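The figures here come from the full heavy-atom set of this structure, side chains too, leaving out hydrogens, waters and symmetry mates. Owing to the predicted nature of the structure, the values given are computational and were not obtained by experimental measurement. We count ligands from 1, going down the list as the structure has it; atoms in each ligand are counted the same way.
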Amino acid sequence: MKIPFDNSYATLPSQMFTAQLPTPVQAPQIIATNASLATLLGIDPAELDAANVFAGNEIPDGAAPLAQAYAGHQFGNWNPQLGDGRAILLGEVVATDGVRRDIQLKGAGPTPYSRRGDGRAWLGPVMREYLVSEAMHAMGVPTTRALAAVTTGEPVYREEMLPGAIITRVAQSHIRVGTFQFFAARGDMMALQALADHVIARHYPDADGTAALLDMVIEKYAKLIAKWMGLGFIHGVMNTDNVSIAGETIDYGPCAFMDNFHPDSVFSAIDQYGRYAYSNQPGIGAWNMAQFATALIPLMPDRDAAIESFTQAVNGFAQVYETAWLAVFAAKLGITDTTENDRPLITDLLGLMATDDADFTNVFAALGTDATRDQFLDRDAFDAWSIRWTARKSNDSHAIMAASNPKIIPRNHRVEEAIVAGRAGDLAPFHALLQAVTEPFAPLTNDTAKFAQAPLPNERVTRTFCGT
Ligand code: AMP
Ligand code: MG
């Protein structure tokens, strides 16, 4: 398999990573490959039938496999030593759109950063990441993507014996807030400066220095979270080591899309106190940017002045987020000329949805039809809202609503269903769901209609588990 590698991270100071080969596996088999992404990367889709490459058994020419060092705040607690414990960067390509991208194997064996982990992943989280990341991309959300997934033919042991799997992940980079924190915490100014220079050249070429870099990352991240909110997406583990500096959604673990709308929704079984609940995501986003700013301060010549200006920059997160959130939800309501005055129209609808347990996706997907009205218990309240909405929405609301309100998301019970079947050796549900979620705005067909349906009360899956 020919991959046009062009590696840059491997040329950075050596304390930033460790050269590390994947550990070969017994009997790799392809689960899925992504032909359109391969084409974007300059890889011939005809060569994708390469289980050995996607399993790490065969290293393609030009690869420079390595594991990256990083640190992070996990649920608010500082951990100075994380790093790629089960992910190995094969290398980078400059894709046909001119954008540099990482190609990484996740679940490819232990690295010096594995701590007590086995360096592996099991099939369930690999399927979840594949489905959700490709769905996010199809819905226009910046995200890492899935180039391939394989089973390894080897078991992994969690609480039970599970089939091992590896996902090949593609990202604009895997540099995180936690990457900066790693070097800032160690006082390694040489690496910190090299990292900042690398990130500016690679992701923010218009930034004329560290302060501008901070502003640009804040803006991207705030807009990203606004997009999550508009889709009812809950990341689940917004630790600083899971925050991409490129502003992409990264590290799909116990993530989920809400079915019935509730602002306090939490899915992750390990998120005991709801730190990463749906409605907390913007606040946590600002907190994460404060950690990023803190890690950048040592690069600034005047520490006190930097603290002051960076505090202002972080405080600006809220404004960027609120503006982006308004634009996202106005589009969902078919309002093209939105102003601050539209805020109550949006929040009033969300309030009714929460009270009446309405399905987040389907309320918007069918807005203006009885199918949406039927979601509400208090019809009078909904009708009153609907009159306000009809008076406000734009004449050409249809097109913008159709492009802003997905009909199909990877609903949790469908993802679980695909995983359960996959574990038993049946990949058909996974492929059917993948096909459906990659065309989220398309008219429903006989094959896809079931994926648009909200779960029955007994089908609801309200708990997700970490990607380990
Ligand atoms: P995550 O919660 O998946 O973002 O992972 C947090 C940290 O734990 C990262 O440094 C991961 O690389 C590491 N990690 C997670 N699972 C494993 C595993 N099975 N083996 C080794 N390291 C792991
Ligand atoms: Mg992570």
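A salt bridge does not link Lys2 with Asp61: every distance from a Lys NZ or Arg NE/NH1/NH2 to an Asp or Glu carboxylate oxygen is 4.0 Å or more. Between Lys220 and Glu248 there is no salt bridge, since none of the side-chain N atoms of the basic residue sits less than 4.0 Å from a carboxylate O of the acidic one. Salt bridge annotation for Arg202-Asp197: absent, with no cationic side-chain nitrogen under 4.0 angstrom from a carboxylate oxygen.
Taking the six-membered ring where the residue is Trp, the centroids of Phe75 and Tyr276 are separated by under 6.0 Å. A centroid separation of 6.0 Å or more is found between the aromatic rings of Tyr321 and Tyr221. Aromatic ring centres of Phe233 and Phe257 lie closer together than 6.0 Å.
Ligand 1 has an N or O atom lying under 3.5 Å from an N or O atom of Gly119, backbone or side chain. Annotation: Arg86 places an N or O atom under 3.5 Å from an N or O atom of ligand 1; distance criterion only. By the 3.5 Å distance cut-off applied to N or O atoms, Gln74 is not counted among the residues near ligand 1.
Only side-chain heavy atoms of Arg115 come within less than 4.0 Å of ligand 1; its backbone N, CA, C and O stay farther off. With a 4.0 Å heavy-atom cut-off, ligand 1 is reached by no atom of Tyr113. Of the heavy atoms in Arg116, none comes closer than 4.0 Å to ligand 1.
Among Pro254, Ala69, Pro125, Gly85, the residue whose heavy atom lies nearest to atom 21 (C) of ligand 1 is Gly85.
Looking only at atom types and distance, the side chain of Asn7 has no donor-acceptor partner in the side chain of Glu92 under 3.5 Å away. Donor-acceptor pairing under 3.5 Å is lacking for the side chains of Asn260 and Asp359.
Heavy-atom distances between Val237 and ligand 1 stay at or above 4.0 Å for every pair. The shortest separation from a heavy atom of Arg158 to ligand 1 is under 4.0 Å, placing the residue in contact. Heavy-atom distances between Gly253 and ligand 1 stay at or above 4.0 Å for every pair.
The side-chain contact (heavy atoms from CB on, under 4.5 Å) check on Ala95 picks up Leu40, Leu41, Asp97, Arg101, with sequence neighbours excluded.
Contact check for Leu195 versus Phe180: side-chain heavy atoms found under the 4.5 Å cut-off.
Taking a cut-off of under 4.0 Å to the non-hydrogen atoms of Asn242, the atoms of ligand 1 that pass are 4 (O). Of all atoms in ligand 1, listed by their number and element, those nearer than 4.0 Å to a heavy atom of Asp251 are 4 (O). Close approach of ligand 1 to Arg120 (heavy-atom distance below 4.0 Å) involves ligand atoms 19 (N).
By the 6.0 Å and 45° rule, Arg128 does not stack over the aromatic ring of Tyr130.
Annotation: protein N, O or S atoms under 2.8 Å of the Mg ion (ligand 2) (waters excluded) comprise Asn242 OD1, Asp251 OD2.
For the atom pair CG of Leu231 and OG1 of Thr361, the computed distance is 7.5 Å after rounding to the nearest 0.5 Å.
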